[in-house]
Amino acid sequence: MGAVWLGQDEVLGRSVALKRIGFGPGTDDLDLDRAQREARLAARLNHPHVVAVYDLVVEGEDRWLVMEYVEGMTLAELVRRDGALTPDQAAPLLRQAADALAAAHAAGIVHRDVKPSNILVTPEGQVKLSDFGIARAQADASLTQTGLVTGSPAYLAPEVASGQQATAASDVWSLGATLFHALSGRPPYDVGENLLGALYRIVHEEPPRLGASAGWLAPVLLATMAQESADRWSMDQVRDFLVGGPSAPLPAPLPRAVPVGTSEAPVDRSATQVMSTPVQPAPVVPAPAARRRRGHPALILVVAVLVVAVVVVAWMLGSDGDPGSDPGADPGSGATSPSGPTSSAPAKTPEVTADGMENFIEDYLATVTSDPKAAWERLTPDFQKASGGFGQYKKFWSGYQTADLIGNTQADPDNLTITYSVEYLHTDGHKSTDEVTLRLEGTDGDFLIAGES
């Protein structure tokens, strides 16, 4: 919505942020009404967790919004640098953002673009909500035309993704999606170049869930990223729950949660009420890459199925659906479809041995504490994504001096799985052990870790 410049207030001797405003999305046409609207809405909010607006300067055809300069980084940059946050780290940041949004909603303003890159965090941990560039007052119906979707795709509420007007409940969803990003190290939806596919998933599929890694913030994710806006908490309720901490009572029954990959598996609402009793948050420690998703094999399976589906769709688009093309043919490999010609000589099967699998795991464990980047490259792209990103991976392994195989290792070359016991020497000197089962891809000398079985 515009470049932001660092400026100097020559009268008061302070740094300010200058934003050139007034141009509509994707155009070079000056929209004076929009410029004045943005300045007016932002200036209506005098809140410690909202970037303050000082002035609107008119210079020829340019309109400059003069704002408070906030030294620090965005929440997106913070997560990119440090990896996924723990619930106790994320809660105070999201609480401040919720407080700012609750004030905006009380003033009749919907932000409409809540996301990690619009949440500024100072070195002292103070949060400032920025960029009301597409905000809208409830009494103002002139900003958005019917069917024009505004906001950042990965954080859009389902109703907004389908073309409806954003409401305060839409901001609640977006804040929940931002919390999802903070706790997992990645957006809730992978948009990439397939924008329409992402919007379809947001509108029609059950929201993604984090499971145990959400800790005591799991109720917030359930009650913000709820498919139906009527099932979501208000922003005041979100803020109050975050203020109350792990022992805060649930303000309302939570919406049902359907596990990823199923169509009907409602969670017993009465069971969620148990969470209203005081509980201590379980320490959210990222597991080693080998067991980062223990207890959620279905999620990894669903990811694999989606990848296959995307490949099939990509092929169909590339071939324009030509019935004469051969979907089984691969010019690079010479492979053919079952109905096509076959080679008279059987293909040589690459070798996979138990010794090769054991050697790979032993070398991986020796590398992961000394060179996490090299070890990270031994995970498949899908499992890297499922592991929360390199920042989270590196952050976890920095807590260990060594990781050594102990006891017998059971390798199954037919199924490409290997089970082993490992002893960890922590940086504080104490030791711990664990049993891990990994699923590999590849052949001897060229294995990658694809997940756990």
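The structure displayed is predicted, hence computed values, not measured ones.
- Every residue was checked against the salt bridge (charged side-chain N to carboxylate O under 4.0 Å, His left out) condition with D404, not counting sequence neighbours, and none meets it.
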For this session: Test side-chain hydrogen bond (donor to acceptor under 3.5 Å, both in side chains) on D55 and W64 and set out the steps.
Result: CA-CA 8 Å; D55 199 2; W64 295 89; over 6 Å; no
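- A donor-acceptor contact shorter than 3.5 Å links the side chain of Q96 to the backbone of V127.
- A donor-acceptor pair under 3.5 Å links the side-chain atoms of N118 to the main chain of D113, judged by distance alone.
- Distance check, rounded to the nearest 0.5 Å: OH of Y364 to CG of L448 gives 11.0 Å.
- Not a single donor-acceptor pair under 3.5 Å links the side chain of D231 to the backbone N or O of A226.
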For this session: Evaluate the criterion side-chain contact (heavy atoms from CB on, under 4.5 Å) for residue pair L365 and V422; output intermediate values, then yes/no.
Result: CA-CA 9 Å; L365 292 177; V422 59; 4.0 Å; yes
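- At least one donor-acceptor pair closer than 3.5 Å links the side chain of R44 to the backbone N or O of A107.
- For the residue pair L93 and Q89, the shortest heavy atom distance occurs at CG-O, 3.7 Å.
- In this view, Y200 and H204 satisfy the ring pair (Phe, Tyr, Trp, His ring centres under 6.0 Å) rule, not counting sequence neighbours.
- The nearest pair of heavy atoms linking P92 to D88 is CD-O, 3.1 Å.
- When side chains are defined from C-beta on, D434 counts as touching Y424, because their heavy atoms get closer than 4.5 Å.
- With sequence neighbours left out, E377 forms a salt bridge (charged side-chain N to carboxylate O under 4.0 Å, His left out) with K373.
- Across L221 and A214, no two heavy atoms sit closer than the pair CD1-CB, 3.9 Å.
- Partners of T427 under the side chain to side chain donor-acceptor pair (under 3.5 Å) rule, at least two apart in sequence or in another chain, do not exist in this structure.
- With respect to L129, the side-chain contact (heavy atoms from CB on, under 4.5 Å) criterion is satisfied by exactly one of L101, D99, V51, L45: L101.
- Side chain of H111 to backbone of S130: a donor-acceptor contact under 3.5 angstrom is found.
- In this structure D236 satisfies the side chain to side chain contact (heavy atoms under 4.5 Å, CB included) test together with A102, S234, R239, sequence neighbours excluded.
- You'll find the side chain of L65 stays beyond 4.5 Å of the side chain of L18, heavy atoms only.
- The shortest side-chain heavy-atom distance between V172 and Q237 does not fall under the 4.5 Å cut-off.
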For this session: Decide side-chain contact (heavy atoms from CB on, under 4.5 Å) for L175 and V220; before the verdict, give the C-alpha distance in whole Å, the side-chain angles of both, and the deciding distance to 0.1 Å.
Result: CA-CA 10 Å; L175 187 69; V220 181; over 6 Å; no
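- Residues R439 and F383 fail the side-chain proximity criterion, which asks for heavy atoms closer than 4.5 Å.
- At least one side-chain heavy atom of R112 sits under 4.5 Å from a side-chain heavy atom of Q165.
- We find the OG1-CD distance between T369 and Q401 to be 9.0 Å, quoted to the nearest 0.5 Å.
- The backbone N or O of I119 lies less than 3.5 Å from no partner atom in the side chain of T74, so there is not a single donor-acceptor pair.
- Summarising the geometry, atom CZ belonging to F360 is positioned 8.0 Å from atom CG belonging to L438; distances are rounded to the nearest 0.5 Å.
- In this structure, the side chain to side chain contact (heavy atoms under 4.5 Å, CB included) partners of D9, at least two apart in sequence or on a different chain, are V11, L12, R14, V16.
- Residues A154 and A177 approach most closely at O-CB, 4.4 Å, considering heavy atoms.
- In this structure, H49 contributes its side chain and A97 its backbone to no donor-acceptor pair below 3.5 Å.
- Of all the heavy atoms in A84 and S184, the pair that sits closest is CB-C, 3.6 Å.
- The closest donor-acceptor contact from the side chain of E205 to the backbone of I202 lies at 3.5 Å or more, if one exists at all.
- Contact check for L210 versus L217: no side-chain heavy atoms found under the 4.5 Å cut-off.
- One finds the OG atom of S117 at 9.0 Å from the CG atom of L75 (value rounded to the nearest 0.5 Å).
- Rounded to the nearest 0.5 Å, atoms CG (D382) and CD1 (I449) are 14.0 Å apart.
- Taking the six-membered ring where the residue is Trp, W233 and F241 present tilted rings, their angle falling between 30° and 60°.
- The line from OG of S432 to CD of E423 is 8.0 Å long, rounded to the nearest 0.5 Å.
- Residues M73 and L120 are not in side-chain contact: their nearest non-hydrogen atoms beyond the backbone lie 4.5 Å or more apart.
- Under the salt bridge (charged side-chain N to carboxylate O under 4.0 Å, His left out) criterion, D363 pairs with R378, sequence neighbours left out.
- Put simply, the side chain of V79 does not reach to within 4.5 Å of the side chain of P116, judged on heavy atoms.
- A search for ring pair (Phe, Tyr, Trp, His ring centres under 6.0 Å) contacts involving Y189 returns nothing, not counting sequence neighbours.
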Problem set entry | V114 and T178: CA distance, side-chain angles, deciding distance, side-chain contact (heavy atoms from CB on, under 4.5 Å) verdict | CA-CA 8 Å; V114 178; T178 298; 4.1 Å; yes
For this session: Show the numbers, then the answer: is there a side-chain contact (heavy atoms from CB on, under 4.5 Å) between M225 and F180?
Result: CA-CA 9 Å; M225 295 185 70; F180 185 106; 4.2 Å; yes
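- A pairwise comparison of heavy atoms in A169 and S229 identifies CB-CB, 3.8 Å as the closest pair.
- The backbone N or O of Q126 sits less than 3.5 Å from a side-chain atom of T122, completing a donor-acceptor pair.
- Applying the side chain to side chain contact (heavy atoms under 4.5 Å, CB included) criterion to S370, with sequence neighbours excluded, gives no partner residue.
- For E68, the salt bridge (charged side-chain N to carboxylate O under 4.0 Å, His left out) test picks out K128, with sequence neighbours left out.
- A donor-acceptor distance shorter than 3.5 angstrom exists from the side chain of R201 to the backbone of D190, with no hydrogens or angles considered.
- Legend: residues meeting side chain to side chain contact (heavy atoms under 4.5 Å, CB included) with A157, ordered by chain and number and at least two apart, are E159, V160, S170, W173, R232.
- With sequence neighbours excluded, no residue forms a ring pair (Phe, Tyr, Trp, His ring centres under 6.0 Å) with Y69.
- Between H430 and H426, the ring-plane angle classifies as parallel under the 30° and 60° cut-offs.
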